Asks: 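Would you mind keeping the following structure in view while I ask a few things?
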Number of protein chains: 2
Amino acid sequence: MPEKLTPHQRRVLEVLFSTPHEFSAQDLHKEFKKRQQRVGLATVYRALKVLQKCGKVQIRSLPNGEAVYSLASAHRHHLTCVSCGISIPLKNCPVHELEQELVQTQEFQVFYHTLEVFGLCQNCIEVDVLARRKGIRQA
Amino acid sequence: MPEKLTPHQRRVLEVLFSTPHEFSAQDLHKEFKKRQQRVGLATVYRALKVLQKCGKVQIRSLPNGEAVYSLASAHRHHLTCVSCGISIPLKNCPVHELEQELVQTQEFQVFYHTLEVFGLCQNCIEVDVLARRKGIRQA
DNA sequence: CTATCTGCAAACGTTTTGCAGATGT
DNA sequence: ACATCTGCAAAACGTTTGCAGATAG
């Protein structure tokens with residue numbers, strides 16, 4: 001899907017290219033400030049929306065309600081703790097080979113998939129156990 | 001994880017049990033109104049948080065920023081259109097068998113996983129093509 | 001009596017939108 | 001000129017929190 005990008009859309013891609021990290025829209029906005037580039041927050045959101053629609057950028061929603069973005073080609077999955085929200089990246093993707101056959105029967109153009117595993121991280125399990133020992137109910 | 005539930009937490013579970021649909025917090029709130037049960041919206045959110053933390057309820061974030069909830073045992077995946085946001089449920093889960101081995105190496109208590117595939121639905125592909133023909137840029 | 005649970009309203013943070021000005025073809 | 005892109009500020013939205021009253025052990 002060869003799409004003509006605006007300068008700011010290109011800049012967003014450049015930032016995402018430059019590091020393996022995921023960025024929230026606000027992170028990107030701060031990053032541009034740091035780079036002395038004047039880019040409005042709204043523009044960041046608008047750019048991200050376009051880049052999502054053409055499959056270049058993928059989104060992941062965190063438990064705290066904010067969304068983080070990365071290159072769709074940077075394929076990562078996570079273990080996410082439903083208690084503290086920590087995300088632990090997985091090393092490999094168990095779905096990739098299955099993706100093609102998975103959607104060949106559907107009329108749908110696939111950009112990317114997200115696989116997220118939810119549960120409790122080691123730390124929160126321990127906190128939970130301690131709390132229960134003290135008879136504390138989780139709020 | 002045998003957890004004592006409050007009446008309202010129980011009611012939330014009952015609603016989720018009663019249909020195969022996913023509910024947003026606001027949906028649940030409306031549903032209680034319809035059932036003549038006086039339950040505050042904040043209580044719905046608080047109940048959902050507790051139910052997530054004990055692994056009974058799972059969450060899925062929609063592209064529009066709202067979150068929908070369902071029983072963690074109701075296992076469903078979706079094709080989600082990055083353009084219009086429509087969600088098309090998948091019939092089977094390609095990960096289930098892999099889940100166990102996937103996390104045996106991690107110190108993490110697994111409640112559930114979500115696998116979401118993103119791209120364009122048939123309808124939006126057509127709209128896109130038409131728009132491009134007319135030289136319209138996506139906003 | 002104490003701790004938890006609840007409803008309401010206010011607060012919060014992220015994202016979206018309206019608009020006027022800048023940009024580029 | 002024209003349509004698009006942009007920044008700013010205001011608005012919108014889903015969600016969270018503070019608090020006072022209700023409830024339960």
Side-chain angles (χ1 to χ4, degrees), chain A residues 3-15 22-33 35-54 57-69 82-85 131-139, chain B residues 3-13 15 22-33 35-54 57 59-69 82-85 131-139:
Chain A
E3 193 61 55
K4 220 179 116 195
L5 299 178
T6 68
H8 283 62
Q9 285 160 15
R10 201 169 296 279
R11 268 176 216 131
V12 169
L13 277 184
E14 280 168 19
V15 172
E22 295 171 297
F23 284 79
S24 70
Q26 321 256 357
D27 289 340
L28 285 166
H29 186 230
K30 281 174 206 149
E31 180 63 26
F32 285 126
K33 261 189 194 147
R35 296 185 182 198
Q36 315 269 14
Q37 294 169 316
R38 197 166 304 280
V39 181
L41 181 56
T43 303
V44 173
Y45 278 107
R46 284 188 275 236
L48 286 170
K49 188 153 290 182
V50 172
L51 293 171
Q52 281 180 83
K53 286 200 186 182
C54 64
V57 159
Q58 80 181 97
I59 184 177
R60 186 166 73 98
S61 297
L62 303 182
N64 65 14
E66 83 175 351
V68 290
Y69 302 83
V82 296
S83 186
C84 67
R132 196 147 319 168
R133 229 171 252 163
K134 293 186 181 178
I136 297 172
R137 272 281 191 79
Q138 57 257 59
Chain B
E3 193 61 55
K4 223 177 113 196
L5 298 178
T6 68
H8 284 62
Q9 287 161 13
R10 202 169 295 279
R11 268 175 215 131
V12 168
L13 276 184
V15 173
E22 295 171 298
F23 284 78
S24 70
Q26 321 257 356
D27 289 339
L28 285 166
H29 186 230
K30 281 175 206 147
E31 179 64 26
F32 285 127
K33 261 187 194 148
R35 296 186 181 198
Q36 315 268 12
Q37 295 170 315
R38 198 166 304 280
V39 181
L41 181 57
T43 303
V44 173
Y45 279 107
R46 284 188 276 236
L48 286 170
K49 187 152 290 183
V50 171
L51 293 171
Q52 281 181 82
K53 285 200 186 183
C54 64
V57 160
I59 185 176
R60 186 167 73 97
S61 297
L62 303 183
N64 65 15
E66 82 175 352
V68 290
Y69 302 83
V82 295
S83 186
C84 68
R132 196 147 320 169
R133 229 171 253 162
K134 292 188 181 176
I136 298 172
R137 275 281 191 78
Q138 55 260 53

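Here is the naming used below: chain letters follow the sequence lines, and residue numbers restart at 1 for every chain. Values below: all heavy atoms of this structure, side chains included; hydrogens, waters and symmetry mates excluded. Bear in mind the structure is a predicted one, so any value in this text is a computation, not a measurement.
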Asks: In this structure, how many angstroms lie between the P atom of C:dT14 and the CG atom of A:L48, rounded?
Replies: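 After rounding, the gap between these two atoms is 14 Å.
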Asks: So which nucleotide from C:dT15, C:dG7, D:dG14 ends up closest to the side chain of B:E66?
Replies: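 The listed nucleotide nearest to B:E66's side chain is D:dG14.
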Asks: May I ask you to evaluate whether B:Y45 reaches the phosphate of D:dT15, defined as a side-chain N or O under 4.0 Å from OP1 or OP2?
Replies: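 For D:dT15, OP1/OP2 do have a side-chain N/O of B:Y45 under 4.0 Å.
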Asks: How close or far is atom P of D:dT16 from atom CD of B:Q52, stated in whole angstroms?
Replies: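 In whole Å, D:dT16 P and B:Q52 CD are 9 Å from each other.
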Asks: A:K49 side chain N/O closer than 4.0 Å to the phosphate oxygens (OP1, OP2) of C:dT16?
Replies: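 Yes, because at least one side-chain N or O of A:K49 sits under 4.0 Å from OP1 or OP2 of C:dT16.
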Asks: Between D:dT15, C:dT15, D:dG7, which nucleotide has the shortest distance from any of its atoms to the side chain of A:V39?
Replies: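 Nearest listed nucleotide: D:dG7.
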Asks: Can you tell me how far the CG atom of B:L62 sits from the CD atom of B:E22, to the nearest 0.5 Å?
Replies: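 So the CG of B:L62 and the CD of B:E22 are separated by 7.0 Å.
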Asks: Tell me the interatomic distance from B:R10, atom CZ, to C:dT4, atom P, rounded to whole angstroms.
Replies: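 B:R10 atom CZ is separated from C:dT4 atom P by 19 Å.
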Asks: Under a 4.0 Å threshold between the charged nitrogen and the carboxylate oxygen, would A:E31 count as salt-bridged to A:R35?
Replies: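 Here A:R35 pairs with A:E31 in a salt bridge, since their nearest N and O are under 4.0 Å apart.
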Asks: Measure the spacing between NZ of A:K30 and CG of A:L41 and express it to the nearest 0.5 Å.
Replies: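 Reported value, rounded in 0.5 Å steps: 10.0 Å.
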Asks: Rounding to an integer number of Å, can you tell me how far A:H29 NE2 sits from C:dT16 P?
Replies: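 Result: 15 Å.
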Asks: Between A:Q26 and B:P7, which residue's closest nucleotide on DNA chain C lies nearer the 5′ terminus?
Replies: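 It is B:P7 whose nearest nucleotide is closer to the 5' end.
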Asks: Can you tell me how far apart CD1 (A:I59) and NZ (A:K49) are? Round to the nearest 0.5 Å.
Replies: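 Output value for this atom pair is 8.5 Å.
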Asks: What's the spacing between A:Y45 OH and A:H29 NE2 if we round to 0.5 Å?
Replies: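 Answer for the OH-NE2 pair, A:Y45 versus A:H29, is 10.0 Å.
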Asks: With the side chain of B:R46 defined as its heavy atoms from C-beta on, choose the nearest nucleotide among D:dG18, D:dG14, D:dT6.
Replies: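 Minimum distance to the B:R46 side chain belongs to D:dG18.
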Asks: Which of these nucleotides, C:dG7, C:dT6, C:dT15, is closest to any side-chain atom of B:T6?
Replies: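 Selected nucleotide: C:dT6.
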Asks: In whole angstrom, give the distance that lies between atom CZ of A:R38 and atom P of C:dG21.
Replies: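 The distance from CZ of A:R38 to P of C:dG21 comes to 18 Å, rounded to the nearest Å.
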Asks: Start at the 5' end of DNA chain C and walk down; is the nucleotide closest to B:R11 or to A:G65 reached first?
Replies: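 Nearer the 5' end of the strand: B:R11.
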Asks: Give the rounded distance in Å between these two atoms: NE2 of A:H8 and C1' of C:dA22.
Replies: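 After rounding, the gap between these two atoms is 11 Å.
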Asks: From the set D:dG7, D:dG14, C:dT17, return the single nucleotide nearest to any side-chain atom of A:A42.
Replies: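 Nearest listed nucleotide: C:dT17.
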Asks: Take atom CG of B:N64 and atom P of D:dC13, then tell me their distance rounded to the nearest Å.
Replies: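 Atom CG in B:N64 sits about 11 Å away from atom P in D:dC13.
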Asks: Using the side-chain heavy atoms of B:T43, tell me which of these nucleotides is nearest: C:dT15, D:dG14, C:dG7.
Replies: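 Nucleotide nearest to B:T43's side chain: C:dG7.
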Asks: Rounded to the Å, how far apart are B:L62 CG and C:dT15 P?
Replies: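 Spelled out: CG on B:L62 to P on C:dT15 is 15 Å.
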